[in-house]
Novice: 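Can you read through this structure? Questions will come right after.
A note on names: the letters A, B, ... follow the listed sequences, proteins ahead of strands, and every chain is numbered from 1.
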Amino acid sequence: MSELMEMLTRRGYFWQSFEIYGGMAGFVDYGPLGNALRRKIEDIWRKHFVIRERAVEIDTPTVCVEEVFIASGHVSCFTDVAIECESCGRVFRADHYIKEVLGIEIEPTIETVKEIIDEYDLKCVCGGRFREPFLFNLMFSTKIGPGKGKMGYLRPETAQGIFIDFRRLLEYFRHKLPFGVAQIGRAYRNEISPRQGVVRLREFNQAELEYFVHPKEKRHENFERYANVKVKLLDKNDKPHEVTLREAVERGIICHELMAYFIGKTREFLLEVGVDESKLRFRQHKDDERAHYAIDCWDAEVLTSYGWIEIVGIADRTDYDLKKHMEHSGEDLRVFVQFERPIRVKKRKIVPNMKKLGPIYRAKAKEIAKKLEELEVDDYVDSVTVEVDGEKIEISREFFEIEEVEEEIHGEKIVPHVIEPSFGLDRITFTVLEHNFDKDVVEGEERRVLRLKRWIAPIPVAVLPLLSREPFISKAKEIVEMLRNEGIYTEYDDSGSIGRRYRRFDEIGTPFCITVDHQTFEDSTVTIRDRDTTKQVRVKIEELPNVLKELLSSERDIEEFGEIFRS
RNA sequence: GCGCGGGUAGUCUAGCCUGGUAGGACAACGCCCUUCCGAGGCGUUAGCCCGGGUUCAAAUCCCGGCCCGCGCACCA
């Protein structure tokens with residue numbers, strides 16, 4: 001275990017889940033500090049992706065009925081039969097492999113695959129034999145209700161809950177595009193072999209924004225905000241670019257302005273929570289790498305001790321999901337978009353003659369008439385063909401009239417496209433810890449210090465009596481009480497020497513320590529010590545809450561708030 | 001899933017080969033001492049991953065499981 005991971009465990013950032021029962025890979029417990037840190041990161045995410053957008057946040061179930069993922073394509077894309085070679089160890093999707101090698105399309109079930117392997121004596125490309133085929137399903141399944149119950153799945157992404165609620169959300173936004181809907185919550189993937197600490201979990205935390213736009217308007221009114229920001233890009237051909245976002249769009253490296261906007265916004269967010277910009281890049285998915293629903297995807301990747309890892313994916317999901325849910329649910333999920341000016345069109349319209357249709361076609365007459373009205377004709381034709389209940393019927397001219405009409409069209413129904421920035425909160429939390437873990441030397445001794453941004457530090461302030469005896473203790477406790485009443489999360493510690501306590505708080509990332517010393521009793525001042533520089537300034541106790549609030553929400557220097565006491 | 005290596009107090013680790021009382025360091029807690037950066041003294045707490053087998057006796061040997069690390073594969 002790395003020195004950092006050892007510290008994170010020991011000091012209460014992360015723990016192995018189910019530890020007393022032997023543990024289970026792919027699950028992690030957030031201890032007091034880790035939980036506080038992730039929540040602070042979530043709040044900053046909300047500020048950027050909800051408050052500063054035309055967006056809202058919702059919360060939908062993690063257990064979903066099976067229909068959701070049948071529609072979304074997750075069931076078919078997740079439930080595969082896999083085969084593994086016993087000599088080279090390679091794993092293949094059975095149906096793909098059989099199609100490629102034998103040219104046969106099969107029903108991907110374990111039995112069929114087994115039969116095929118026996119029948120054709122199927123071998124691995126290396127010549128080795130296959131083990132028993134096994135089911136390979138990345139979604140956790142469950143039964144809803146007692147007895148046989150209804151098949152359900154734990155969601156593998158938070159996004160579907162938003163698509164399901166689309167009609168309600170459209171109503172909420174008064175039918176006006178663009179709008180965004182966010183969700184922060186748990187998602188589940190039954191990974192085959194989760195590893196690397198919190199990097200690949202079976203239960204993890206996502207923050208996703210689904211930003212719905214008109215398909216022809218993939219722009220953002222605040223694009224200028226990031227247009228001149230330079231980013232490190234790696235396109236799908238592995239070609240690096242270091243250009244401004246405006247240039248990237250103009251040169252076609254990034255497909256559209258909206259994608260570029262969210263890349264800029266993502267970068268801003270990541271820097272604010274303390275990701276190291278020199279270890280950040282945006283990489284475009286290769287054609288064979290994209291999920292089934294995306295036409296384009298850019299990942300934010302960071303360099304960590306595990307190499308470059310993906311922490312954010314920004315995907316253009318187009319109208320894939322809404323269309324799928326329209327098909328499977330039968331609900332109309334389109335948006336009516338008004339034209340700026342109504343369009344006048346001349347049309348030739350068919351007017352059915354029911355008096356004649358009725359006696360001849362009887363029960364089918366009504367349906368035929370309906371189909372006839374839907375038809376558009378270019379010219380005065382003699383007959384048309386309609387399809388009723390799978391039967392093609394030719395209707396001759398005596399049964400209908402053709403009228404020329406002029407119609408005003410005020411708008412059209414479209415299926416919006418969705419751009420999805422999707423954040424892996426566990427990985428981001430871990431990255432922030434790794435990028436900010438540092439060692440330096442104070443008075444000849446090495447110290448470990450977590451240089452977290454002040455606004456995300458789990459314990460922002462600690463109050464310490466210089467000596468662990470009265471009257472220092474009482475005074476320090478009094479100050480703790482005052483700060484807590486002011487809403488500042490404050491810790492108290494009088495154990496061990498003062499230096500030892502400073503180191504403890506340096507290690508967990510507490511940016512400011514308040515020390516009650518002898519002078520406190522002469523002039524009602526205390527010292528504020530800065531974690532990063534170990535400098536101290538003297539501040540009046542009564543001013544402490546406001547000074548700390550200012551310090552914790554900015555990067556201002558403590559020297560702006562008081563006389564240097566020691567340095 | 002496969003292969004290799006590993007799992008001993010909160011943390012790091014010695015002991016395992018060659019079976020027989022589990023040792024250290026740091027941390028934590030209490031008291032004493034101490035006017036500012038892991039000081040010192042005394043004391044305390046706390047451990048062989050789980051299950052089975054071999055044996056008079058298992059941290060140690062054998063089998064299975066779980067977990068961790070690395071490589072392969074997987075990561076819609």
Side-chain angles (χ1 to χ4, degrees), chain A residues 1-3 5-12 15-27 31 69 72-80 82-93 124 128 131-134 136-139 156-157 189-197 199-202 204 285 288-294 297 305-306 309-310 313 315 424 440-449 464-469 472 493 495-507 513 515-522 526-527 529 531 533-536 565-567:
Chain A
M1 192 161 28
S2 71
E3 196 177 351
M5 286 309 294
E6 180 266 305
M7 188 280 280
L8 296 179
T9 305
R10 188 165 40 79
R11 301 306 303 272
W15 296 314
Q16 163 76 238
S17 294
F18 314 113
E19 208 173 14
I20 66 167
Y21 291 109
M24 177 51 77
F27 297 91
F69 301 114
S72 70
H74 284 90
V75 168
S76 54
C77 288
F78 264 47
T79 313
D80 303 322
I83 43 176
E84 188 192 7
C85 170
E86 59 180 28
S87 59
C88 72
R90 286 175 69 180
V91 175
F92 303 94
R93 258 186 74 169
C124 173
R131 287 172 214 281
E132 287 285 287
F134 58 95
F136 171 72
N137 189 336
L138 241 43
M139 280 196 292
E157 57 172 6
R189 293 177 199 182
N190 203 356
E191 298 280 355
I192 300 172
S193 68
R195 281 212 194 147
Q196 304 180 311
V199 173
R200 257 174 86 191
L201 293 173
R202 288 182 165 130
F204 54 100
H285 278 202
D288 59 358
E289 187 182 358
R290 282 191 301 269
H292 60 278
Y293 48 70
C297 185
S305 53
Y306 298 115
I309 61 167
E310 171 201 347
D440 64 3
V441 174
V442 172
E443 310 210 345
E445 289 248 24
E446 188 180 77
R447 72 164 179 160
R448 299 194 287 190
V449 52
L464 320 171
L466 181 62
L467 298 175
S468 42
R469 60 170 150 85
F472 301 93
D493 188 357
S495 158
S497 72
I498 189 72
R500 184 189 207 76
R501 285 176 268 154
Y502 287 147
R503 295 299 162 83
R504 266 190 208 140
F505 285 103
D506 289 341
E507 190 179 62
C513 287
T515 307
V516 172
D517 61 9
H518 292 85
Q519 199 179 322
T520 303
F521 300 97
E522 290 159 20
V526 287
T527 66
R529 169 186 179 272
R531 173 197 67 201
T533 61
T534 77
K535 277 192 218 159
Q536 287 173 290
F565 170 63
R566 287 175 75 250
S567 54

Novice: Let me know the distance between CZ of A/Arg448 and P of B/A27, rounded to the nearest Å.
Specialist: 11 Å
Novice: Just to be sure I understand the rule, does A/Ser495 reach a base, reach only the sugar-phosphate, or reach nothing, if contact means heavy atoms closer than 4.0 Å?
Specialist: sugar-phosphate
Novice: Would you list the protein and nucleotides 50-52 of chain B atom pairs, both N or O, that sit under 3.5 Å from each other?
Specialist:
none

Novice: Could you point out which residue of A/Arg447, A/Arg500, A/Arg10 forms a salt bridge (charged side-chain N to carboxylate O under 4.0 Å, His left out) with A/Glu507?
Specialist: A/Arg10
Novice: Using atom P in both nucleotides, what's the gap between B/C29 and B/U45 to the nearest angstrom?
Specialist: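 Rounded to whole Å, the distance is 16 Å.
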Novice: Could you point out which residue of A/Arg531, A/Arg529, A/Arg501 forms a salt bridge (charged side-chain N to carboxylate O under 4.0 Å, His left out) with A/Asp506?
Specialist: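 Exactly one candidate clears the test, A/Arg529.
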Novice: Contact class for A/Met24 (heavy atom, under 4.0 Å): base, sugar-phosphate, or nothing?
Specialist: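 Touches sugar-phosphate only.
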Novice: For A/Ser468, enumerate each residue passing the side-chain hydrogen bond (donor to acceptor under 3.5 Å, both in side chains) test, keeping only those at least two apart in sequence or located in another chain.
Specialist: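 Expected list: none.
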Novice: Does A/Phe472 have any ring-ring contact (aromatic ring centres under 6.0 Å, His included) partners at least two apart in sequence or in another chain, and if so, which?
Specialist: A/His518, A/Phe521
Novice: Let me spell it out: for each of A/Gln16 and A/Arg200, pick the nucleotide of RNA chain B with the closest heavy atom. Which residue's pick is nearer the 5' end?
Specialist: A/Gln16
Novice: On the nucleotide B/G10, are OP1 or OP2 found under 4.0 Å from the side-chain N or O atoms that A/Arg11 carries?
Specialist: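 Result: no.
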Novice: State whether A/Arg500 places a side-chain N or O below 4.0 Å from either non-bridging phosphate oxygen (OP1 or OP2) of B/A39.
Specialist: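 The answer is yes; a side-chain N or O of A/Arg500 sits under 4.0 Å from OP1 or OP2.
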Novice: Which residue, A/Asp506 or A/Asp493, contacts RNA chain B at a nucleotide closer to its 5' end, judged by nearest heavy atom?
Specialist: A/Asp493
Novice: Looking only at atom C1', what distance separates B/G65 and B/G23, rounded to whole Å?
Specialist: 30 Å
